[in-house]
2 protein chains.
Amino acid sequence: MPLNERAELLLKLLIHRYISDGHPVGSRTLARETGLDISPATVRNVMADLEDMGLIESPHTSSGRVPTAQGYRVFIDTLLKVRPLTNDAIAEIEDRLYSDQDPQRILSTATDILSRITKFAGVILLPRHQHTGFKQLEFLRLSARRVLVILVTSDGGVQNRVLATDREYTESELIEASNYFNSTYHGQSLEQVRHILLNDMQHDSDEMNRVMKTAVQVAQKMFDADRVEESDVLLSGEENLLTVPEFSQLGKLRELFDTFKTKQDLLELLAKSMAATGISIFIGDESGYHALNECSVVAAPYEVDGRSIGTLGVIGPTRMDYADVIPIVDVTARLLGSALGTLDSDDIAGESVS
Amino acid sequence: MPLNERAELLLKLLIHRYISDGHPVGSRTLARETGLDISPATVRNVMADLEDMGLIESPHTSSGRVPTAQGYRVFIDTLLKVRPLTNDAIAEIEDRLYSDQDPQRILSTATDILSRITKFAGVILLPRHQHTGFKQLEFLRLSARRVLVILVTSDGGVQNRVLATDREYTESELIEASNYFNSTYHGQSLEQVRHILLNDMQHDSDEMNRVMKTAVQVAQKMFDADRVEESDVLLSGEENLLTVPEFSQLGKLRELFDTFKTKQDLLELLAKSMAATGISIFIGDESGYHALNECSVVAAPYEVDGRSIGTLGVIGPTRMDYADVIPIVDVTARLLGSALGTLDSDDIAGESVS
DNA sequence: CCTTAGCACTCGTATTATCAGAGTGCTAAG
DNA sequence: CTTAGCACTCTGATAATACGAGTGCTAAGG
């Protein structure tokens, strides 16, 4: 069931039209739109075909047609010409991303950029720390039984956590411990470190001296806590969705915001995008999540050193201007990747992970 | 213009009734409600008086009456009997707040508690670090020109920031610097430290050795950055407001969420509450912020060691059940204070701030 | 002087009817 | 295959209507 040229043209025009003014579009309008000398009746025939193929539908017996998720899919995959960003726009994104040194803040800047430019919600799947390198671990004694553990990763990220310890450690024990730890695990990936730690815990503790045990125990706790953490998704600009006419029913909106709050579904969806290469687009119910029924998600992984470490994207109504949104997501992902990469290469020679 | 007993009773009943079902309440309903043998006409006379006093108003010429902001004010100040929390409920809040060691997370748990229980939005003004004590500053060399600065405060809080430095510092310089810094400023309040730092910068640098300068410069940067930071307000449960009938107009809602996003107004409002003692309640436009027109904010400062260090509260529609919300805010503030205080006293003897 | 019954009046809301406009599907002719 | 014509459907706006709830006022009664 290949589309002939005219059907393609009409589908494309219909979607453009629908995206730009949001009303179902009828045969007369569409006939005028083509520029060709073609009558509404003819258009109606073609539209009937498109409807049979499941690409468009009419909300009511007699109002114009509206694209279905499948219609958008065909449109995006085969008909869409994206509208590249101007150099100015690119430079502006770049400026904002490069104006900070702290990876955590850069990431949140990225979602902010996405939501501000698109006027929808920006979302980002934070880097999975398993794939980044271990760089440094420091212990700071806060009080008798509370130790602050600071983990520095090769991408310049810093995490800290206050741990309640089982027994009291002295200042010097902790220093020794961190020295031991840093020299032992230097240059490994976090994933590897975690594995080794697990092993070390299984070997009976006799082989290890007390200091090693200290370090391992404390670090183990830290890694454990890190795994549980579900703050892996950052969202911003949700408020933009309030004024999107598609979401004018408060019930829908509530459902959507609840989904945003738990983040679980978003996380899974973005994980899918990360597994793919390039831009992923989930249209309407394609995502499989009920709350995202009327939403589309445009996402792209961002890479450092040629490896995808996370995904960012935009969540908006299915009726969004893909030609605009796609390049924005694309460019932001690239620039974010290189902004993070820059931090990386800023490391002292010899400390980068192989 | 004092209210006689019957007028008070009627105002109270009217507000209760309005709070519970949201419809303007008329004379017949109210007459029935009293239990007294009183006719609707009599009630109407009283209502007319109350309207003259500005305590109630009718949305339209002929529908029942609704309390005005001023009416709520009188109600809350003189007529309201709060509904204390059950011991179970208190214990539950306590459990959640005490189940964590990290002040940052405890604070965010607090807003979560507020929003979950009240079904409105929870908000918290984070502790003003100026008033807490300085405890420890550590420098960690990340790369040639990037230093991680870790500031530990006496309340157990940890802040870290990556700084790009003007020149390269060696590992040992940094250690010396932090030693110098920690011994010099030990036990001072952050406020004091900041002041001394400012002074130190003004004295011509000749009097200071290089290490001192290092520490001061880096710390100065850190404090500066901290001051600018406007992440002083934490909000949660905004999505609860989506289903509040009062906010069914998307325009209003959008305005509200924008206010939430910038946080500036909330910050000012909560600052007012912190200046007061005990529960503050801002009803409707009393707050002075247009977006909060139809909202009330119930807030209470939380104290550690008898000193208010922040404020938490609930943002909901003016028509909220104050009898429930007030004790929730009150109890949460108290428990949060003591939860944070516990962390404090956990410090090793001699390290607490006088 | 306070209370109350009665009554006319005002609005808001829901229901219904009506009508114009937009669009469709079908048929038959070019 | 295209197109004109036509009957039909459905939406949305507008107006008419009726109804219910509630008010304010007045006048009578305690």
Side-chain angles (χ1 to χ4, degrees), chain A residues 1-11 13-15 17-18 20-68 71 245-246 248-249, chain B residues 1-11 13-15 17-18 20-68 71 245-246 248-249:
Chain A
M1 61 181 105
L3 291 176
N4 66 45
E5 206 171 327
R6 197 175 57 186
E8 277 189 354
L9 174 66
L10 286 177
L11 177 60
L13 289 176
L14 184 145
I15 294 186
R17 179 74 189 212
Y18 180 65
S20 75
D21 69 3
H23 302 303
V25 10
S27 54
R28 178 164 19 224
T29 322
L30 208 49
R32 228 183 295 117
E33 204 95 331
T34 63
L36 283 92
D37 196 11
I38 204 177
S39 84
T42 311
V43 172
R44 283 204 286 279
N45 289 332
V46 180
M47 283 169 106
D49 295 346
L50 289 174
E51 184 154 19
D52 286 344
M53 286 185 254
L55 302 182
I56 59 179
E57 65 188 351
S58 41
H60 314 287
T61 314
S62 183
S63 79
R65 306 299 217 292
V66 156
T68 61
E246 272 83 343
S248 55
Q249 319 169 48
Chain B
M1 60 183 105
L3 291 177
N4 66 45
E5 205 171 327
R6 197 175 56 184
E8 276 189 355
L9 174 67
L10 286 177
L11 177 60
L13 289 177
L14 184 145
I15 294 186
R17 179 74 189 212
Y18 180 63
S20 76
D21 70 3
H23 303 303
V25 6
S27 55
R28 176 158 27 218
T29 322
L30 208 49
R32 229 182 295 118
E33 203 97 329
T34 61
L36 283 91
D37 195 11
I38 204 178
S39 84
T42 310
V43 172
R44 281 204 288 279
N45 288 332
V46 180
M47 283 169 108
D49 295 345
L50 290 174
E51 184 154 20
D52 287 345
M53 287 185 255
L55 302 182
I56 59 179
E57 64 187 352
S58 41
H60 314 287
T61 313
S62 184
S63 80
R65 305 299 217 293
V66 155
T68 62
E246 272 84 342
S248 56
Q249 319 170 47

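The sequence lines fix the lettering, A, B, ..., with proteins before strands; numbering per chain opens at 1.
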**Q.** Between C:dC11 (C1') and B:Glu57 (CD): distance, integer Å
**A.** 16 Å

**Q.** Where at least one partner belongs to residues 34-44 of chain B, residue pairs that pass salt bridge (charged side-chain N to carboxylate O under 4.0 Å, His left out), sequence neighbours excluded
**A.** none

Q.
I'd like to check the side-chain contact (heavy atoms from CB on, under 4.5 Å) partners of A:Pro59; sequence neighbours left out, ordered by chain and number.
A. A:Pro24, A:Ser63, A:Val66

Q. Toward the 5' end of DNA chain D, which comes first, B:Asn45 or B:Ser63, by nearest nucleotide?
A. B:Ser63

Q: Please identify each residue that fulfils side-chain hydrogen bond (donor to acceptor under 3.5 Å, both in side chains) with B:Glu51, with sequence neighbours left out.
A: B:Arg65

Q: Find the distance B:Ile56:CD1 to D:dG24:P and express it as a whole number of Å.
A: 9 Å

Q | Whole-Å distance separating the CZ atom of B:Arg6 from the P atom of C:dT4 | A | 8 Å

Q: Kindly write out the residues that satisfy side-chain hydrogen bond (donor to acceptor under 3.5 Å, both in side chains) with B:Ser39, not counting sequence neighbours, or none if the list is empty.
A: B:Thr42

Q | DNA chain C-proximal residues of residues 28-43 of chain A, any heavy atom under 4.0 Å | A | A:Thr29

Can you check nucleotides 8-10 of chain D for protein contacts, nitrogen or oxygen pairs under 3.5 Å, and list what you find?
residue: D:dT9; atom: O2; partner: A:Ser62; partner atom: OG; Å: 3.4
residue: D:dC10; atom: OP1; partner: A:Thr61; partner atom: OG1; Å: 3.2

Q: Could you tell me the separation between the CG atom of A:Leu10 and the P atom of D:dT2, rounded to a whole number of Å?
A: 11 Å

**Q.** Spacing of A:Asp49 atom CG relative to D:dT2 atom C1', expressed in whole Å
**A.** 14 Å

Q: Please figure out whether B:Pro59 or A:Ser58 has its closest DNA chain C nucleotide nearer the 5' end.
A: B:Pro59

**Q.** CG on B:Leu55 to CD on B:Glu8, rounded to 0.5 Å
**A.** 10.5 Å

Q. Is any side-chain nitrogen or oxygen of B:Arg65 closer than 4.0 Å to OP1 or OP2 of D:dG22?
A. no

**Q.** Rounded distance (Å) that lies between atom P of C:dT4 and atom CE of B:Met47
**A.** 15 Å

Q. Mind checking what makes side-chain hydrogen bond (donor to acceptor under 3.5 Å, both in side chains) contact with A:Glu246, not counting sequence neighbours?
A. A:Arg319

Q.
Only Watson-Crick and G-U wobble pairs, only distances under 3.5 Å, only runs of 3 or more: what stems does that leave for DNA chain C?
A. C:1-30 with D:1-30

Q: May I ask you to evaluate whether B:Arg44 reaches the phosphate of D:dC25, defined as a side-chain N or O under 4.0 Å from OP1 or OP2?
A: no

Q: Using side-chain contact (heavy atoms from CB on, under 4.5 Å) as the criterion, list what pairs up with B:Asp21, not counting sequence neighbours.
A: B:Arg17, B:His23

